[in-house]
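Below: one structure, written as structure tokens.
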Amino acid sequence: MAHKGITRTNGNGNGNGKGKVPHRSRIYSDLSGLYDHVFTRVFSRRIEYVLRNLGIRPGDRGLEVGIGTGLSLDAYPSHCRVTGIDLSAEMLEHAAKKYDPLRHSHIELRQMDGMNLEYEDATFDFVTAFHVVTVVPDPKRLVDEMTRVCKPDGKLVIINHFSSPRPAVRTVVNLMDPVTRVLGWSTRLSLEEVLDDETLSLEQRYKTSPWSLFTVVEARKAQPSTADI
Ligand SMILES: C[S@@+](CC[C@H](N)C(=O)[O-])C[C@H]1O[C@@H](n2cnc3c(N)ncnc32)[C@H](O)[C@@H]1O
């Protein structure tokens, strides 16, 4: 059922997995009702920590790619404007249920494909993606799209599992890959495969706990060189 809080676009995402874009994460649509029960505790605190420490400035415009059921809604300060997009109509329906016009009027929800963002280049001051990058069929393309719509000197913020630089850890974690693929994500992606170091400079890469499978990545989009101006 459509919810009036969600703007639908004529983009490729139709939420039913039958659109032009392969929705490898169909499981999130099918199990959207269970998502919050399983992941709220695991994901919310980390998302909140990261957003609160991002230094979002008054008037900043942000984009969250793959906002899902809206676990981040309460964490964006009201002095910025944020658009949260997701391919899955079902996930967005759950986000819309959490959406409180009094507390979240600075946020809008739209159904859209993160790999084909319907925004001009250099639109946003910051672009975030939490637990999404390894869920899409082409992670590099997703990060390239995030980079494209980010303003020069703006920030990309990604929380995701990336394969460990330590071979022993990588081997053990890769054993889980067949299991995590059932959940729609892969354990095998390395950060280096998705970050284009000509357009992005890595500012921080950290974990919020030593045991966490997830890495927080903050990267800044390069300013155009004077030769390009
Ligand atoms: C693991 S969930 C993460 C949701 C939310 N960011 C969170 O941390 O709770 C992955 C989300 O990515 C969305 N997704 C998958 N492919 C996408 C795409 N091509 N464009 C936008 N969202 C996508 C799924 O529908 C799902 O909501």
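Counting starts at 1 for both ligands and their atoms, in listed order.
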For V135, the atoms of ligand 1 under 4.0 Å from one of its heavy atoms are 15 (C)
Kindly work out whether a path of hydrophobic side-chain contacts (I/L/V/M/F/W/Y, heavy atoms less than 4.5 Å apart) joins I67 to L34.
-> yes
Do the charged groups of K97 and E90 touch, with an N to O distance under 4.0 Å?
-> no
Any ion pair linking K151 and D121 (charged N to carboxylate O, less than 4.0 Å)?
-> no
Would you say F130 has any N or O atom under 3.5 Å from an N or O of ligand 1, going by distance alone?
-> yes
Under 4.0 Å to a heavy atom of I67 - the qualifying atoms of ligand 1, by number = 5 (C)
Just jot down the ligand 1 atoms closer than 4.0 angstrom to any heavy atom of G66, in number order.
-> 4 (C), 5 (C), 6 (N), 22 (N)
Atoms of ligand 1 close to G114 [distance to a heavy atom under 4.0 angstrom, numbered from 1] = 18 (C), 19 (N), 20 (N), 21 (C)
Are D144 and K140 close enough for a salt bridge, meaning some N to O gap below 4.0 Å?
-> yes
Counting heavy atoms under 4.0 Å, the part of M91 that contacts ligand 1 is side chain
Carboxylate-amine/guanidinium proximity below 4.0 Å for K155 and D125 | no
Short N/O distance, under 3.5 Å, between L87 and ligand 1?
-> yes
If we number the atoms of ligand 1 from 1 as shown, the ones under 4.0 Å from a heavy atom of L71 are 9 (O)
Salt-bridge contact E145-R148 (side-chain N to carboxylate O under 4.0 Å) = yes
Number the atoms of ligand 1 from 1 as they appear, then name those within less than 4.0 Å of a heavy atom of V136, with their elements.
-> 16 (N), 17 (C), 18 (C), 19 (N)
Please examine the side chains of V157 and V127, heavy atoms only from C-beta on, and report whether any two atoms are closer than 4.5 Å.
-> no
Check if M112 has a non-hydrogen atom at a distance under 4.0 Å from any atom of ligand 1.
-> yes
For I47, the ligand 1 atoms whose distance to one of its heavy atoms is below 4.0 Å | 8 (O)
Atom indices of ligand 1, in the order listed, that fall short of 4.0 Å to a heavy atom of D113 = 18 (C), 19 (N), 20 (N)
What is the ring orientation for Y76 with F126, classed by angle as parallel under 30°, tilted 30 to 60°, or perpendicular over 60°?
-> parallel
Less than 3.5 Å between some nitrogen or oxygen of I85 and one of ligand 1, yes or no?
-> no
State plainly whether the residues R103 and D74 are in salt-bridge range, i.e. N to O under 4.0 Å.
-> yes
